[in-house]
Amino acid sequence: MHDIRMVREQAAALRDGMRRRGALDQLEPVIARLEALDRERRQTIQTVEEKKAARNAASQEVGRRKKAGEDASELQAQTRTLGEEIAGLEASLTETEAAIQKGLYDIPNVTLPTVPAGDETHNTVVRSWGTPRAADGVKPHWEVGEALKLLDLPRGAKISGSGFIVFRSAGARLVRALMNLMLDLHTREHGYEELWVPVVVNRAAMTGTGQLPKFEEDMYALTDDQGFLIPTAEVPVTNLYGGEILDAAQLPMALTAYSPCFRREAGAAGKDTRGLLRVHEFDKVELVRYCRPEDGAAQLELLTGHAEAVLQKLGLPYRVVLLAAGDTGFSSAMTYDLEVFAPGVGKWLEVSSCSVFTDYQARRANIRFRAAPGEKPQFVYTLNGSALAFPRVIAALLEHYQQPDGSVVVPEALRSYVGADSLR
RNA sequence: GGGCAGGUGGCAGAGUGGUUUAAUGCACCGGUCUUGAAAACCGGCGUUCCUGCAAGGGAACCGGGGGUUCGAAUCCCUCCCUGCCCGCCA
């Protein structure tokens with residue numbers, strides 16, 4: 001969420017940001033309305049506060065007279081009228097502020113200057129690592145997975161629905177191995193604190209990271225109780241310090257958590273539905289960082305490197321894509337996608353999305369820090385990235401390391417975790 | 001799920017309708033004193049919003065929301081959370 005002051009004082013930069021996302025035409029009415037609402041709000045506040053000051057003074061006078069045994073009924077009646085006027089003005093103020101809030105929720109973050117303008121055709125590959133394997137003869141992961149009895153897709157669909165995966169035997173162990181490999185790497189070598197968090201969160205948390213109110217239809221909601229299943233550990237982890245003021249010494253903060261992730265994928269029916277490419281429940285290790293504003297860009301490079309390190313450990317060829325403004329997520333100011341090559345399906349698969357949100361999320365979740373004692377609190381910058389999402393990594397492993405005899409070689413770094421050199 | 005007790009500033013902790021601009025202590029910051037430090041003393045000590053070039057002025061905030069009243073931390077309703085007891089349970 002933007003500060004209304006952004007609309008008031010930096011309207012040109014805001015409009016330019018929306019233009020770079022290709023969203024200005026759509027959002028211009030929202031911005032114009034916000035400008036009007038802001039003027040209206042401030043005017044109402046002035047009036048209401050004058051009346052409140054008058055009421056406060058009058059009420060005190062009533063108290064004084066009563067104490068002195070004098071009559072105050074006339075003054076009381078006047079003050080009552082004042083109170084009624086205040087109530088009316090405050091009701092309209094509440095409406096105005098709700099409208100402002102709603103408008104602000106509709107405006108995405110402004111991307112950093114280094115982000116190319118335009119739609120996804122302007123995404124740029126900034127670097128790549130490893131050599132993609134030639135596609136010939138490589139079977140798609142769902143075929144290998146079923147042949148080696150690592151996956152049981154039909155039974156997953158039976159007990160839960162399509163898009164819910166059952167892993168079994170070495171496949172199940174592979175999931176656990178990936179979790180341990182990634183968490184060990186991030187905690188031991190990258191300095192992250194490990195968290196284990198609830199997968200059910202409340203509406204406030206979902207709003208803090210920006211999933212709500214705009215993307216409610218993509219979330220699984222509990223019916224008998226309030227609450228949502230998290231679509232990513234970003235939600236509980238980023239909101240961990242919501243409403244708090246941190247000490248400067250705590251920054252940068254680096255947190256990591258494994259969690260299952262639940263996504264309805266509304267509107268994505270029929271797209272990449274085979275195998276592990278797009279599922280409703282999957283596992284992921286997430287990285288979250290909080291930092292000072294001046295460190296935002298550097299911290300994004302650092303975080304992206306931590307996600308890349310997992311792919312390098314696994315020996316999977318990948319590329320780093322800088323998303324253009326129009327393809328950058330709603331709350332994000334700059335995003336790198338990590339795409340791993342899966343020769344069986346012949347596609348680059350997105351296994352991570354690393355973003356810096358500037359103060360956009362922090363303002364929503366109200367996460368601040370005090371740079372020095374006595375200074376005013378300011379919003380932190382938040383960052384996050386998957387490192388990594390499991391299913392597509394598993395798909396890439398089953399395809400990239402596939403052998404002519406149908407077996408799959410386990411990459412070195414994973415062997416002690418899986419307890420085998422190859423899956424056969 | 002039922003009952004009881006609570007939720008006040010960074011922390012502790014007063015305050016049950018009107019000089020409360022929320023006492024007091026601790027912590028923290030500045031100063032005096034000191035060679036330096038400690039102690040002592042003096043001063044400061046929150047967040048948000050509106051207004052103003054500024055100095056300043058004003059408003060709101062005692063778990064959230066609503067109500068009663070001229071006036072609410074204080075009374076009422078409701079929700080949330082914490083602790084304890086009972087019940088249930090992996």
Side-chain angles (χ1 to χ4, degrees), chain A residues 1-10 34-104 196-208 212-213 221-222 224-228 236 239-251 253 260 359-360 362-380:
Chain A
M1 181 176 68
H2 290 291
D3 193 330
I4 184 64
R5 273 176 292 203
M6 173 95 185
V7 177
R8 190 186 312 153
E9 292 161 13
Q10 295 173 66
L34 279 171
E35 288 173 324
L37 286 167
D38 179 47
R39 282 191 295 271
E40 185 183 321
R41 166 176 173 271
R42 286 187 292 155
Q43 200 178 334
T44 309
I45 283 176
Q46 280 182 53
T47 314
V48 85
E49 288 189 353
E50 276 168 27
K51 287 184 190 289
K52 278 186 178 178
R55 182 189 63 183
N56 289 349
S59 288
Q60 265 188 353
E61 177 60 20
V62 170
R64 204 157 19 237
R65 287 191 194 176
K66 287 204 165 183
K67 213 168 229 179
E70 299 168 24
D71 176 61
S73 53
E74 195 177 324
L75 192 56
Q76 275 185 39
Q78 283 173 22
T79 313
R80 183 201 297 271
T81 311
L82 210 49
E84 282 160 5
E85 287 171 20
I86 290 168
L89 286 169
E90 283 198 318
S92 94
L93 188 61
T94 304
E95 270 178 45
T96 306
E97 287 183 334
I100 288 172
Q101 179 89 337
K102 197 169 171 299
L104 289 174
W196 193 277
V197 293
V199 300
V200 173
V201 297
N202 59 30
R203 184 169 285 275
M206 290 290 258
T207 306
L212 296 183
L222 305 186
D224 292 340
D225 297 284
Q226 56 161 5
F228 298 85
N239 282 290
L240 202 64
Y241 288 91
E244 298 189 31
I245 300 175
L246 303 170
D247 205 79
Q250 292 175 270
L251 301 177
M253 192 175 315
D359 59 3
Y360 192 92
R363 181 172 296 108
R364 257 172 120 128
N366 197 19
I367 307 165
R368 293 175 294 173
F369 77 103
R370 203 184 299 276
E375 280 194 23
K376 280 212 166 297
Q378 53 183 312
F379 292 110
V380 300

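What's counted below: heavy atoms across the whole structure, side chains too, no hydrogens, waters or symmetry copies. Note that the structure is a prediction, hence the values are computed from the model and not measured. Chain identifiers are assigned alphabetically (A, B, ...) following the order of the sequence lines, protein sequences preceding nucleic acid strands; residue numbering begins at 1 within each chain.
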Taking every heavy atom of A:R41 against every heavy atom of A:L93, the minimum-distance pair comes out as O-CD1, 3.8 Å
When rounded to whole Å, the NZ to C1' distance for the pair A:K66 and B:U19 reads 18 Å
Whole-Å distance, A:Q76 CD to B:G18 C1', equals 12 Å
Query - Atom P, compared across B:G58 and B:A22: separation rounded to whole Å - result: 13 Å
Flag yes if more than 12 heavy atoms outside A:E244 fall under 6.0 Å of its CD atom; otherwise flag no.
yes
A:R65/A:E74 ion pair, N-O < 4.0 Å:
no
Separation of B:C50 atom C1' from A:L93 atom CG, nearest Å, is 10 Å
Those stems involving RNA chain B that have three or more consecutive Watson-Crick or G-U pairs, both distances under 3.5 Å, are B:1-7 with B:80-86, B:10-12 with B:24-26, B:28-32 with B:40-44, B:46-51 with B:56-61, B:63-67 with B:75-79
Whole-Å distance, A:D247 CG to B:C11 P, equals 14 Å
So, OP1 or OP2 of B:C49: does either fall under 4.0 Å of a side-chain N or O from A:R41?
no
Those residues at least two apart in sequence (or on a different chain) that pass salt bridge (Lys or Arg N to Asp or Glu O under 4.0 Å) with A:R64 are A:E61
Practice task
Give one of base, sugar-phosphate or nothing for A:S59, where a contact means two heavy atoms less than 4.0 Å apart.
Solution key: base
Between CZ of A:R65 and P of B:U19 the distance, given in whole Å, is 17 Å
Nearest-nucleotide check on RNA chain B, A:G83 vs A:G63; residue mapping nearer the 5' end is A:G63
Under 4.0 Å, heavy atoms only, any strand: does A:R368 hit a base, just the sugar-phosphate, or nothing? sugar-phosphate
- Message: With a 4.0 Å cutoff (strictly under), does any side-chain N or O of A:R64 reach OP1 or OP2 of B:U19?
- Response: no
Q) Where the side chain of A:S59 meets the backbone of A:N56, is there a donor-acceptor pair that is under 3.5 Å apart? A) no
Problem - Rounded P spacing from B:G6 to B:C76 in Å - result: 13 Å
Checking B:G18, B:U47, B:U21 against the side chain of A:Q60 (C-beta onward), the nearest is B:U21
By nearest-nucleotide position on RNA chain B, the 5'-leaning member of A:D38 and A:A58 is A:D38
From CZ of A:R203 across to C1' of B:C79 the rounded distance in Å is 15 Å
Once base and sugar-phosphate atoms are separated, protein heavy atoms under 4.0 Å mark nucleotides 54-62 of chain B, 5' to 3', with B, S and - as ----BSS--
Checking B:C50, B:G18, B:U47 against the side chain of A:Q46 (C-beta onward), the nearest is B:C50
Quick one: is B:U47 close enough that its OP1 or OP2 comes under 4.0 Å of any side-chain N or O from A:R370?
-> yes
_Whole-angstrom distance between B:U24 and B:G31, as gauged at atom C1'_ = 23 Å
In whole angstrom, give me the gap between the C1' atoms of B:G9 and B:U48.
14 Å
Rounded to whole Å, the CD1-C1' distance (A:I245 to B:C45) equals 14 Å
Note to self: Taking only the C1' atom of each, what is the distance from B:G71 to B:A60 in whole angstrom?
What the structure shows: 16 Å
Separation of B:U69 atom C1' from A:Q78 atom CD, nearest Å, is 17 Å
Using the P atom as the reference point in each nucleotide, state the distance between B:A55 and B:G67 in Å, no decimals. 37 Å
Provide the distance between the two P atoms, one in B:G65 and one in B:U8, to the nearest whole Å. 16 Å
- Within the pair A:R8 and B:C50, is there a side-chain N or O less than 4.0 Å away from OP1 or OP2? yes
Exercise for the section: Kindly indicate whether the side chain of A:T79, heavy atoms from C-beta on, has any atom under 4.5 Å from the side chain of A:Q76. Expected result: no
Counting distance only, does the side-chain N/O of A:N202 pair as donor-acceptor with the main-chain N or O of A:A205 below 3.5 Å?
yes
Practice item. Check the pair A:E97 / A:Q101 against side-chain contact (heavy atoms from CB on, under 4.5 Å), numbers first and verdict last. Key: CA-CA 6 Å; A:E97 287 183 334; A:Q101 179 89 337; over 6 Å; no
When you check the phosphate oxygens OP1 and OP2 of B:C70, does a side-chain N or O of A:R80 lie under 4.0 Å from one of them?
yes
- Expressed in whole Å, how much space separates the P atoms belonging to B:C29 and B:C45? 16 Å
